[in-house]
Amino acid sequence: MEDRPITPLPVVEDPIELLQSWRADAEREETQGPSAACLATVGENGAPAARMVLVKAIDASGLVFYTNTESRKGKELKGNPNAALVIHWPVLGRQVRVEGAAVPVSDEEADRYFASRPRGSQISAWASAQSSVLAGGLEELSRQFEETAEQFSGRPVDRPSHWTGYRIAVARIEFWRHRDDRLHERLRYVRAGEGWRHERLAP
Ligand SMILES: Cc1cc2nc3c(=O)[nH]c(=O)nc-3n(C[C@H](O)[C@H](O)[C@H](O)COP(=O)(O)O)c2cc1C
């Protein structure tokens, strides 16, 4: 971790490119999964709920994660697409906050990613009704997994229609860097027309 870097973060034209370069740094430097992020969604009652997800792609249109559309997060995003993601890279002393609407990825994009997953993960996407109550405990889950594995025996596992990706279209993004004495650096970008306006925030 850099100790109170003297040089301020330079203002960039495209903060998504900066995020991609921070992610590349994290892939080199972080000891634990650099793709982990905390995703917050909003429930019908206006209350937030948060959980970890893996950010599998970052491109000009946003940040992509994959999940079950019938899970709690899936239902909440259907009712209210506004979402927030927080990424923490502790070795680098960096945090990124992203806010924006979640848009389902295309079927082609979801199929492509699903096909790249290990077979066990593909089977569990069918076998686990994510976020539902498991009345029969872990035995029920194992049974569902074995039955699903049997159904797909000898053939590829296709993507369930209830399993896809969401892309958070970045409306705001804030870069945070650790500095000593809690004099951390914060640089926020907010979409403005075709470009971005930026502002430095007190830590
Ligand atoms: C590091 C980490 C990464 C995770 N990544 C995902 C993910 O990419 N997609 C997913 O559906 N759940 C992921 N999970 C599980 C979720 O945190 C959560 O338990 C699950 O999605 C159900 O959330 P929900 O009931 O709010 O929908 C991850 C958990 C951890 C600890």
Side-chain angles (χ1 to χ4, degrees), residues 19-20 22-59 61-142 144-145 148 157-170 173:
L19 174 60
Q20 288 168 326
W22 276 29
R23 167 71 176 254
D25 293 344
E27 277 162 15
R28 274 193 315 275
E29 308 283 335
E30 290 291 332
T31 46
Q32 303 290 327
S35 58
C38 181
L39 168 77
T41 53
V42 184
E44 254 174 27
N45 56 359
R51 80 290 282 156
M52 300 302 291
V53 294
L54 297 178
V55 174
K56 288 292 174 182
I58 301 172
D59 58 31
S61 320
L63 289 77
V64 180
F65 66 91
Y66 288 87
T67 196
N68 186 317
T69 57
E70 290 160 12
S71 64
R72 177 174 179 186
K73 76 182 90 48
K75 287 179 180 154
E76 291 193 345
L77 288 172
K78 194 167 183 200
N80 182 344
N82 290 313
L85 272 174
V86 185
I87 303 169
H88 179 212
W89 289 307
V91 174
L92 292 166
R94 293 175 179 176
Q95 169 183 250
V96 179
R97 297 169 62 175
V98 171
E99 293 162 36
V103 184
V105 304
S106 68
D107 284 345
E108 294 71 36
E109 191 172 351
D111 286 343
R112 225 176 12 254
Y113 176 65
F114 190 78
S116 77
R117 304 186 83 211
R119 191 171 171 87
S121 309
Q122 293 176 333
I123 291 169
S124 70
W126 284 99
S128 161
Q130 194 177 54
S131 313
S132 65
V133 174
L134 267 180
L138 287 183
E139 290 82 16
E140 178 188 335
L141 188 61
S142 300
Q144 283 164 356
F145 184 88
T148 311
V157 183
D158 47 345
R159 177 178 64 88
S161 58
H162 62 255
W163 193 96
T164 193
Y166 292 87
R167 182 173 270 103
I168 311 273
V170 183
I173 180 165

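For reference, positions follow the sequence shown, starting with 1. Indexing begins at 1, ligand by ligand and atom by atom, following the structure's order.
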min-distance protein heavy atom vs atom 6 (C) of ligand 1 -> V53 CA, 3.5 Å
Min over R51, K56, M52, E76 of heavy-atom distance to atom 28 (C) of ligand 1 lands on M52
- Is L54 close to ligand 1, meaning an N/O of one under 3.5 Å from an N/O of the other? yes
One finds that the ligand 1 atoms under 4.0 Å from a non-hydrogen atom of Y66 are 7 (C), 8 (O), 9 (N), 10 (C), 11 (O)
Set out, in order, the CA-CA distance, both residues' side-chain angles and the distance that settles side chain to side chain contact (heavy atoms under 4.5 Å, CB included) for D107 and R159, then state yes or no.
CA-CA 9 Å; D107 284 345; R159 177 178 64 88; 3.3 Å; yes
ask   = Is the Y113 ring parallel, tilted or perpendicular to the W163 ring (thresholds 30°, 60°)?
value = parallel
In V170, V96, L63, the residue satisfying side-chain contact (heavy atoms from CB on, under 4.5 Å) with L85 is L63
Would you say atom 25 (O) of ligand 1 touches the protein, meaning some protein heavy atom is under 4.0 Å from it?
yes
When V64, L39, T69 are each screened for side-chain contact (heavy atoms from CB on, under 4.5 Å) with Y166, the one that passes is T69
**Q.** Side-chain donor or acceptor of E30 paired with backbone N/O of L92 under 3.5 Å
**A.** yes
Take a 6.0 Å sphere around CZ of R23 and say whether it holds more than 12 heavy atoms from other residues, nucleotides or ligands.
yes
Here the atoms of ligand 1 under 4.0 Å from any heavy atom belonging to T67 are 10 (C), 11 (O)
Closest to atom 12 (N) of ligand 1 among protein heavy atoms sits Q130 NE2, 3.9 Å
Nearest heavy atom to atom 23 (O) of ligand 1, choosing from R72, K75, K73, Q32, belongs to K73
